[in-house]
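A, B, ... follow the sequence lines: proteins, then strands. Residue 1 opens every chain.
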Amino acid sequence: MDRARNFMPGPNQELLDAKPLRSLAPMFPAPMGVNINQSSTPPLVVVTPVGQFPTGFGAGSLPAVGSLATFSATANAFSPAGTSANVPIDVTPVSAYKTRSSGVTPRNDDGEPYSVSQTSASERQAKRSAGLAAEGSNGVKVKRPKPIYRNHVSGKLLAFLPTSDSTPREAVEAVHMTFEALRRRHLQMDETLDASRRADLKAGAIMLASDIRANVGKRVGTVPGVEIGDIFYFRMELCIIGLHAPSMSGIDYMSANFGNGEDSVAICIVAAGGYENDDDDTDTLVYSGSGGNSRNTEERHDQKLERGNLALERSLHRKNEIRVVRGFRDPATITGKIYIYDGLYKIQESWKERTKFGINCFKYRLQREPGQRDGAAIWKRTQRWIQNASTRGRVIQHDLSSGAETFPVCVVNEIDHEKGPGHFTYTTEVKYPRPLSSMKALQGCGCQSVCLPGDANCACGQHNGGDLPYSSAGVLVCRKPVIYECGEACHCSLNCRNRVCQKGIRYHFEVFRTTNRGWGLRCWDPIRAGAFICEYAGEVIDELQVNLDDSEDDYIFQTMCPGEKTLKWNSGPELIGKESTYVSPDEFQPLPIKISAKQIGNVSRFMNHSCSPNAFWQPVQYDHGDDKHPRIMFFALNHIPPMTELTYDYGVVGAGTSRSKTCLCGSLTCRGLL
DNA sequence: GTATGTTCAAGATG
DNA sequence: CCATCTTGAACATA
C-alpha cells in the first residue's frame with residue numbers, strides 16, 4: 001500500500017539517496033533512489049543475511065562464509081579458540097578503560113582477537129565508500145570517522161560478542177546482553193560496597209571505551225538489528241546499540257551534505273512520556289523542543305532555534321523519517337521507566353507555545369509512518385489488560401490456573417478453532433516423589449531481618465560463592481550451576497532479597513494459539529533481562545520408574561545442554577577481570593532430574609523451543625538440599641517486550657535419540673532439529 | 001507519593 | 001586536537 005510511494009521521487013528524495021551510504025543498503029542490488037530502509041514491511045525480516053557482504057571488502061578481513069549452515073555448524077560445535085580463529089580481523093588494542101586499570105591489557109596474550117560485529121565492519125565499508133559517493137550528488141558525509149577498536153579484555157574472549165557471521169539482530173543482541181551483564185555485575189558490586197548505584201553509566205563507559213557497540217555512526221531511518229517494540233530500561237542502552245546517540249539529550253541529529261551545502265536533520269527522538277496525551281492515539285505524538293528550562297545558575301529563557309530544535313525544523317521541511325523511542329511509566333519497576341522503540345515517524349507541523357513558566361517553547365507534531373508493526377500500541381493495550389483483564393478480547397478460558405496463581409492465566413486463540421489445550425491439572429510447584437522432609441536439608445543463614453550483600457557472616461551468601469545471586473531489584477546477576485535461596489532454616493525475613501523464585505509468578509501470562517507450534521506462552525508485562533519468569537512445575541520422575549509412555553515426551557523437562565546464547569549468559573565475570581564461568585558444551589554436566597508436566601503442570605509446559613531463545617532454565621534450591629534434583633526456574637535472557645512468545649532452548653539431543661523433531665522456531669540460526 | 005538537588009557522559013561546537 | 005557547552009536521566013534525599 002505504502003510501497004508505491006517509496007518509488008516516487010518526492011521532496012525527500014535527496015535524503016533518501018543519501019541514506020544508503022551509511023547503512024547496509026549499498027550491498028543490495030537496488031535501483032537508484034529506492035529507499036531500502038523505509039520499512040513498509042514489518043522489520044521481522046530486517047536482518048540481513050550474511051551472504052550480502054561482498055567478499056572483497058575490508059582488505060579481505062572477512063571470511064567469505066555466510067551460509068546459515070556454516071553458522072549452525074559453529075554454533076553447535078562451539079569452541080572459543082576455533083571460532084575466533086576463523087575471524088581474522090585488524091585488531092587494535094584497547095587502551096582506554098575508564099574504570100581504571102582493572103581489566104584491560106594490550107593484545108599480548110593467548111586469547112584470539114575477536115570481531116566486534118559485522119555492523120561495525122559494514123560501517124567501515126560505508127565510511128570507505130563514502131568518499132566515492134557514486135550514488136549521486138547527495139551523499140551524506142561522515143563527519144568524524146572514529147577508529148574501530150577491537151576489544152580484548154584481560155585476554156579473555158568477551159562473552160556475547162557477535163562473530164563476523166552474526167546477523168545484525170544477533171550483533172545488537174550480543175552487544176546489548178554484554179551491556180546488561182556488565183550492568184548487573186557492577187550493580188552487584190556497588191550494592192556490596194554500598195557505593196554509587198549508577199551501574200548503567202559504568203557499564204556504558206566500559207562498552208564505549210572498549211568499542212563494544214553496534215551501529216556506530218549516525219543514520220537516518222531504521223537501525224539494522226533493532227526492531228520495533230524492543231524495550232530498554234536505560235538511556236545508555238539506546239546509545240550502545242546505535243539507536244539514539246546522546247546520553248541525555250532527547251534529540252539525536254546529524255549534519256549531512258545535500259549537495260547544496262551542509263544541513264542538519266533530526267534522526268531520532270526520545271519522547272520521555274512526561275506529557276500524557278490522548279490514550280488511544282499512539283500514532284501521533286507532540287514533542288517539545290529542548291532548552292530553556294531553568295538550570296541551577298541560569299534563568300529560564302525562550303527556546304532557541306538551534307541544535308536539536310533546528311534539526312527538527314529542518315526535518316519538518318525535508319520530511320525525513322525520524323526514529324521515535326517512547327518512554328512510559330512502568331508500574332512494575334520502582335524507578336518506573338521503560339523505553340519502547342516505536343519505529344519511524346515524520347514531522348507534520350511545528351509551532352511555538354508559551355509554557356506555564358512563561359517561556360516560548362517549540363512543539364512538533366509527529367505522525368507515525370503507516371505500515372509498521374505495533375510498538376507502543378502494544379504497550380498501551382497490555383497495560384489496559386493488566387489493569388482490567390476483562391478488556392482482553394478473544395479469551396476462551398479466563399484462568400487456566402483456577403485461582404492458583406496470583407494473576408489469572410488466560411487462554412486465547414486468534415488462529416483457529418481449537419478450544420484450548422488438552423486436560424491437565426494446574427499446579428504452581430514441582431512435586432517430588434518423596435516428601436521434602438525425607439530429602440537432604442538445605443543449610444540456612446543466621447541473618448537478622450534481611451541478608452545483605454557483602455556480609456561475610458551470611459551463610460547463604462557464602463553458599464552462593466560470596467555474592468548474593470540477585471540484585472536488590474530481584475534480578476539474577478549471572479547463571480550458576482545452582483542458586484541457593486534462603487529457606488526455612490534461615491533466620492531472615494521473607495523480604496530478604498535472596499528469596500525470589502520461591503515467591504512465585506509475578507506476571508500476567510497468557511497461553512495462546514501459535515500458527516504452527518500448537519500452544520505457546522507469552523506475557524502482558526515487559527520482562528527485563530535476568531528477571532525470574534516461572535518454575536517448570538510438574539512431577540519429578542523417579543529414576544527407578546522405567547518405560548515412560550512416549551506420548552509424555554512432549555512435556556518432559558531434562559537438563560540438556562542449551563545453545564551458545566544461553567551458555568554465555570554467565571559470562572559477566574571476565575568482563576570485569578574475574579575468572580570466566582563459561583561452561584562449554586563439552587564440559588556441560590546434565591542433572592539426573594526429569595520433570596513431567598503431562599498430568600500436572602503450570603504455564604511452563606507451554607513454553608516452546610527456540611534456537612534463539614529469550615529465556616533459560618536455572619537450577620534453584622530453597623526447600624531441600626538435594627543438588628541433583630533442584631527446582632528448575634526460568635529467567636529472561638534479555639529484555640522481553642510484552643506479547644513476545646517466551647521460549648527456551650530445549651537443548652541438543654544426543655545422537656540416536658528417538659526424540660528429535662524438526663524445529664519450527666524460525667530463528668535464522670536454527671539448528672534444524674530438537 | 002512527589003519535589004528537589006546532585007551527579008553523570010556523549011557528542012556537538014568553537 | 002582540545003576545551004567548553006549542552007543536555008536530562010537516574011537516583012538519593014527531603
*Is the NZ or CZ atom of A:Arg506 both under 6.0 Å from the centre of the six-membered ring of A:Trp524 and within 45° of that ring's axis?*
no
*Answer yes or no on whether A:Arg323 is positioned over the face of A:Tyr345, meaning its NZ or CZ is under 6.0 Å from the six-membered ring centre and within 45° of the axis.*
no
*Could you tell me the separation between the OG1 atom of A:Thr282 and the CG atom of A:Asp342, rounded to the nearest 0.5 Å?*
6.5 Å
*Between atom CG of A:Leu208 and atom SG of A:Cys239, what is the distance when rounded to the nearest 0.5 Å?*
5.0 Å
Send over the distance from [X] [atom1] to [N] [atom2], rounded to a whole Å.
{"X": "A:Ile267", "N": "B:dG11", "atom1": "CD1", "atom2": "P", "result": "11 Å"}
{"X": "A:Phe234", "N": "B:dT7", "atom1": "CZ", "atom2": "C1'", "result": "15 Å"}
{"X": "A:Lys202", "N": "B:dT7", "atom1": "NZ", "atom2": "C1'", "result": "12 Å"}
{"X": "A:Leu187", "N": "C:dC11", "atom1": "CG", "atom2": "P", "result": "8 Å"}
{"X": "A:Glu237", "N": "B:dA9", "atom1": "CD", "atom2": "P", "result": "17 Å"}
{"X": "A:Leu201", "N": "B:dG11", "atom1": "CG", "atom2": "P", "result": "13 Å"}
{"X": "A:Leu305", "N": "C:dT6", "atom1": "CG", "atom2": "P", "result": "16 Å"}
{"X": "A:Leu310", "N": "C:dT6", "atom1": "CG", "atom2": "C1'", "result": "15 Å"}

*A:Asp200 near the nucleic acid: base, sugar-phosphate alone, or nothing, with a heavy-atom cut-off under 4.0 Å?*
sugar-phosphate
*Scan A:Arg198 against the nucleic acid and name what it touches under 4.0 Å (heavy atoms): base, sugar-phosphate only, or nothing.*
base
*Should the pair A:His176 and A:Phe179 be assigned to parallel (<30°), tilted (30 to 60°) or perpendicular (>60°) ring geometry?*
parallel
_Test log, rule side-chain hydrogen bond (donor to acceptor under 3.5 Å, both in side chains), inputs A:Glu353 and A:Trp351_ = CA-CA 7 Å; A:Glu353 209 173 285; A:Trp351 66 95; 2.7 Å; yes
From [options], pick the nucleotide closest to the side chain of [X]?
{"X": "A:Ser249", "options": "C:dA9, C:dT7, B:dC8", "answer": "C:dT7"}
{"X": "A:Ala245", "options": "C:dA9, C:dC11, B:dG11", "answer": "B:dG11"}
{"X": "A:Arg307", "options": "B:dA9, C:dT6, B:dG11", "answer": "C:dT6"}
{"X": "A:Tyr339", "options": "C:dA10, B:dA10, B:dC8", "answer": "C:dA10"}

_So, does A:Lys218 get its side chain near the phosphate of B:dG11, meaning an N or O under 4.0 Å from OP1 or OP2?_
no
*Does A:Tyr253 make a side-chain N or O approach to OP1 or OP2 of C:dT6 shorter than 4.0 Å?*
no
*Looking at five pairs on each end of the helix from B:dT2-C:dA14 to B:dG14-C:dC2, what is the angle between the two axes, given to 10 degrees?*
10°
*asked:* Nearest heavy atom decides the nucleotide; on that basis, is A:Arg183 or A:Gly289 closer to the 5' end of DNA chain C?
replied: A:Gly289
*Compare every heavy atom of A:Cys523 with every heavy atom of A:Tyr507, then report the nearest pair and how far apart it is.*
CB-SG, 3.5 Å
